[in-house]
Amino acid sequence: MPRFAANLTMLYPELDFLDRFEAAANDGFEGVEFFFPYAYRATQLSTRLRDHGLELVFFNATPRAHPDERGIACLPERKAEFRDGFLRALEYAQVLSCRRLHVMPGIVPHGADVQRLRATFIENLIWCCAQARAAGRDILIEPINPRDMPGFLLSRQDDAHAIIKAVDAGNLKVQMDLYHCQIVEGDVAQKLRAYLPTGRVGHLQIAGVPDRHEPDTGELSYGYLFDLIDELGYTGWTGCEYHPRSAARGGTSAGLEWMRAI
C-alpha cells in the first residue's frame, strides 16, 4: 500500500494552516507536504511536525513574489533572485528535516525564446543540485498540465526525464502527479511502468480527474494504480494533492473513506 502524505495547502481548508497538522495526524497521515512555508518561522512548523509525529515530504523551493507566479527558475533575468530564494529554502529544509525541494521553472513569457528559458532552467538545476547534494537534499521537478497552469514550461513526463538526463545529477528526481499526467498524456499505467523502475521518480501525487477531488472520483481507477505502484516496487511517498469535495468542517476527513478502504 502506498504511503500517503496530506497536502496541507489543499486539504482541511476550513482550518487555519497551523491547525492542519493535527488534523492530518488524527486522520492517520504520517507524512505531509505543502506549497510554501515562508509565511511562518521554520521553528513554528518544526514544532507542529514534531508534536504530531509527522514527516515533511517536500515544499516549493522559492516563494511567490506575485500570486500569478509559478516559479522563476527558467527566467534568465531573475537568476540571482531564484538562487537567493533557493538558499533560503535550504535553511528551512534543514530546520524542518525535509529531504526534498520542488523547483518550479515558471510561466513562459509571451514571445520568449523557449530554448533559452529551458537552458536557464537546466543551468539553475545543475547549481541547485550541487547545493542540495552538499546539504543531503533531493530536488524535484514536476510536469503540470496546461489547463490548470497555462504557459508552464514543463508539462510532459518525457520532457522532465530529458531534463534530468541533461542535468545528470543523482539527486534530481521527477515529481510525478498522476492527475497532471492523465490530463496531458493519459495511459497512466504505462507511464508508471516506464518511469518508476528507472529510480528517477522521487515523489507521486494523486487526485481525481477531471475535477481534482478525492481519488475515488473521476476517470482514473486508483485501486488498480495503487496495486500497480506496489507491484513496481515504489516505496516513496504519494501526496494527496486535491481539493476536498466538501470544504465544510470535517469535509476532508469524511472524504478519506477511499484511503480507509485500502
Side-chain angles (χ1 to χ4, degrees), residues 5-25 29 31-50 52 54-75 78-107 121 124-125 128 131-132 135 137-145 148-154 173-175 177 179-180 202-207 212 237 239-244 247 252:
N7 186 294
L8 298 186
T9 302
M10 289 191 172
L11 301 186
Y12 309 102
E14 76 278 15
L15 300 178
D16 290 338
F17 180 74
L18 291 177
D19 294 332
R20 298 178 189 184
F21 293 82
E22 181 179 9
F29 287 105
V32 295
E33 59 184 48
F34 46 70
F35 295 166
F36 303 103
Y38 309 107
Y40 304 91
R41 297 189 307 276
T43 52
Q44 282 182 287
L45 300 174
S46 66
T47 296
R48 299 284 171 155
L49 292 165
R50 184 183 63 251
H52 300 295
L54 296 168
E55 178 180 339
L56 179 58
V57 175
F58 89 92
F59 61 90
N60 291 338
T62 51
R64 288 177 180 159
H66 185 276
D68 294 334
E69 204 165 72
R70 297 296 182 266
I72 59 174
C74 76
L75 304 178
R78 298 181 71 179
K79 184 185 296 184
E81 178 187 351
F82 167 75
R83 294 187 178 190
D84 285 346
F86 184 82
L87 293 176
R88 183 185 180 204
L90 280 179
E91 293 173 357
Y92 266 80
Q94 176 66 30
V95 176
L96 299 175
S97 299
C98 182
R99 184 177 172 182
R100 300 165 198 86
L101 295 170
H102 175 209
V103 172
M104 301 181 75
I107 304 296
F121 187 38
N124 275 329
L125 286 172
C128 284
Q131 306 304 312
R137 314 293 171 198
D138 289 343
I139 303 300
L140 301 172
I141 58 173
E142 179 188 19
I144 296 177
N145 82 76
D148 286 5
M149 206 169 287
F152 194 69
L153 183 71
L154 183 62
K173 305 291 179 70
V174 174
Q175 182 171 315
D177 189 317
Y179 163 81
H180 294 305
H203 188 55
L204 293 176
Q205 290 178 316
I206 58 173
R212 208 171 190 179
W237 291 98
C240 302
E241 190 186 48
Y242 59 80
H243 299 289
T252 296

Over all atoms of both residues, closest heavy-atom pair of [X] and [Y]:
{"X": "F82", "Y": "A73", "result": "CE1-CB, 3.7 Å"}
{"X": "I107", "Y": "P150", "result": "CD1-O, 3.4 Å"}
{"X": "A24", "Y": "Y12", "result": "CA-OH, 3.4 Å"}
{"X": "D177", "Y": "Q205", "result": "OD2-OE1, 3.2 Å"}
{"X": "L96", "Y": "A42", "result": "CD2-O, 3.3 Å"}

Distance from [X] atom [atom1] to [Y] atom [atom2], nearest 0.5 Å?
{"X": "I141", "Y": "M104", "atom1": "CD1", "atom2": "CE", "value": "12.0 Å"}
{"X": "F21", "Y": "L49", "atom1": "CZ", "atom2": "CG", "value": "5.0 Å"}
{"X": "F17", "Y": "F34", "atom1": "CZ", "atom2": "CZ", "value": "5.0 Å"}

So do the side chains of [X] and [Y] get within less than 4.5 Å of each other, counting heavy atoms only?
{"X": "T9", "Y": "E241", "value": "no"}
{"X": "F86", "Y": "V103", "value": "yes"}
{"X": "F58", "Y": "W237", "value": "no"}
{"X": "N124", "Y": "R83", "value": "yes"}
{"X": "N7", "Y": "C240", "value": "no"}
{"X": "P244", "Y": "L11", "value": "yes"}
{"X": "F152", "Y": "H180", "value": "no"}
{"X": "R48", "Y": "D19", "value": "yes"}

Open item on the list: Can you tell me if R70 has over 12 outside heavy atoms packed within less than 6.0 Å of its CZ?
Closed with: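 Atom CZ in R70 is crowded, with more than 12 foreign heavy atoms closer than 6.0 Å.
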Open item on the list: Treating D16 as the side-chain partner and L18 as the backbone partner, does any N or O pair qualify as donor plus acceptor under 3.5 Å?
Closed with: no
Task: Backbone of V57 reached by a side-chain donor or acceptor of R100 within 3.5 Å - done: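 Yes; at least one donor-acceptor contact below 3.5 Å.
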